[in-house]
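What follows is a single structure, written as C-alpha cells, with notes after it.
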Amino acid sequence: QVQLVESGGGLVQTGGSLRLSCAASGRTFSSYVVGWFRPPPGKQREFVAAISDSGSSKYYAAFVTGRATIPRDNVRKTVYLQMNSLKSEDTAVYYCTAGLIVGSVRDPSGFSSWGQGTQVTVSS
C-alpha cells in the first residue's frame, strides 16, 4: 500500500480556484490508480475525479467536468486536483485515494489507501 497526505484546501470565494495536492510514499505509487472523493452532507463519499497509473486516462464526475483537471507526477509521487469556477456546493472534505483498481474507478470500495482529507470551503 501507499500512504497519502493531502494539502491545499482552504477558504475560497465563489468562482475562485484551488489546487489540491496528494503526496504519496511508497515505491509502487506509479502502479496505482489515484482518485479524489468527497462526502456530500449526510451521504457516502462521492466520486470527483481519478487518473490511471500511467496518467493516460482521466475520469471526472459530471459536476466537475470542464471545471477540474487531475494531473499526475509519478517522479514526485504526487497527484493534483485543480478545481476552477468553484461553487458553494463544492464545499466538502476532499479525500485522496489510491488502489489497484480492477472495477470502476467511481466506486470507492475498490481503493485501498486513503488520506486524512483536506477541507475546501467555498463562500459566496
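Computed over heavy atoms, backbone and side chain alike; hydrogens, waters and symmetry mates excluded. Quick caveat, the model's predicted, so the values are computed rather than measured.
With values rounded to the nearest 0.5 angstrom, Ser54 atom OG is found 8.0 Å from Arg72 atom CZ.
A donor-acceptor pair is defined here as one N or O able to donate and one able to accept, closer than 3.5 Å; such a pair exists between the side chain of Asn74 and the backbone of Asp53. Asp73 places a side-chain N or O within 3.5 Å of a backbone atom of Arg76 that can act as its donor or acceptor partner. Listed for the Ser56 side chain is no donor-acceptor partner under 3.5 Å among the backbone atoms of Ser52. In this structure a side-chain-to-backbone donor-acceptor pair under 3.5 Å is missing from Thr97 to Gly35. Panel note: side chain Gln116, backbone Glu6; a donor-acceptor pair is recorded below 3.5 Å. No side-chain donor-acceptor contact under 3.5 Å links Asp107 to the backbone of Ser104. For the pair Thr118 (side chain) and Gly9 (backbone), a donor-acceptor distance under 3.5 Å is present. Between the side chain of Tyr32 and the backbone N or O of Ile101 there is no donor-acceptor pair closer than 3.5 Å. A donor-acceptor pair is defined here as one N or O able to donate and one able to accept, closer than 3.5 Å; no such pair exists between the side chain of Ser85 and the backbone of Gly15. Proximity of a side-chain donor or acceptor of Lys58 to a complementary backbone N or O of Ala50 within less than 3.5 Å is not detected.
Under the 4.5 Å side-chain heavy-atom criterion for grouping Ile, Leu, Val, Met, Phe, Trp and Tyr, Val105 is not connected to Val64 through any hydrophobic cluster. Phe63 and Val93 are members of different hydrophobic clusters when ILVMFWY side chains are connected at heavy-atom separations under 4.5 Å. Val2 and Val33 are assigned to two separate hydrophobic clusters, defined by single-linkage of ILVMFWY side chains at heavy-atom distances under 4.5 Å.
If you check the side chains of Tyr80 and Arg19, you find no donor sitting under 3.5 Å from an acceptor. There is a side-chain donor-acceptor pair under 3.5 Å between Ser25 and Gln3.
Arg38 has its side chain within reach of Asp90: a pair of non-hydrogen atoms, C-beta onward, lies under 4.5 Å apart. Residues Val48 and Leu81 are in side-chain contact: their nearest non-hydrogen atoms beyond the backbone lie under 4.5 Å apart. For the pair Tyr95/Leu4, no side-chain contact is recorded, criterion being any heavy-atom separation below 4.5 Å from C-beta on. Side-chain contact between Tyr94 and Gln119: absent, with no pair of heavy atoms (C-beta onward) separated by less than 4.5 Å. Proximity of Pro108 to Trp114: side-chain heavy atoms (C-beta onward) are separated by under 4.5 Å at one or more points. Val34 has its side chain within reach of Phe29: a pair of non-hydrogen atoms, C-beta onward, lies under 4.5 Å apart. Looking at heavy atoms from C-beta onward, Val122 lies out of side-chain contact with Lys87 at the 4.5 angstrom threshold. Residues Ile70 and Val79 have side chains in contact (heavy-atom distance under 4.5 Å, counting atoms from C-beta outward).
Aromatic ring centres of Phe37 and Phe47 lie closer together than 6.0 Å.
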How far apart are the C-alpha atoms of Val120 and Leu18, what are their side-chain angles, what is the distance that settles it, and do they pass the side-chain contact (heavy atoms from CB on, under 4.5 Å) test? CA-CA 9 Å; Val120 172; Leu18 276 179; 3.7 Å; yes

Would you please test Thr78 and Cys22 for side-chain contact (heavy atoms from CB on, under 4.5 Å) and show each step? CA-CA 5 Å; Thr78 303; Cys22 175; 5.6 Å; no

For Leu20 and Gln82: C-alpha separation, side-chain torsions, deciding distance, then whether side-chain contact (heavy atoms from CB on, under 4.5 Å) applies. CA-CA 6 Å; Leu20 307 182; Gln82 175 71 43; over 6 Å; no

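Closest non-hydrogen pair, Ser112 versus Gly99, comes out as OG-CA, 3.9 Å.
Within 6.0 Å of CD on Gln44 lie no more than 12 heavy atoms contributed by other residues, nucleotides or ligands.
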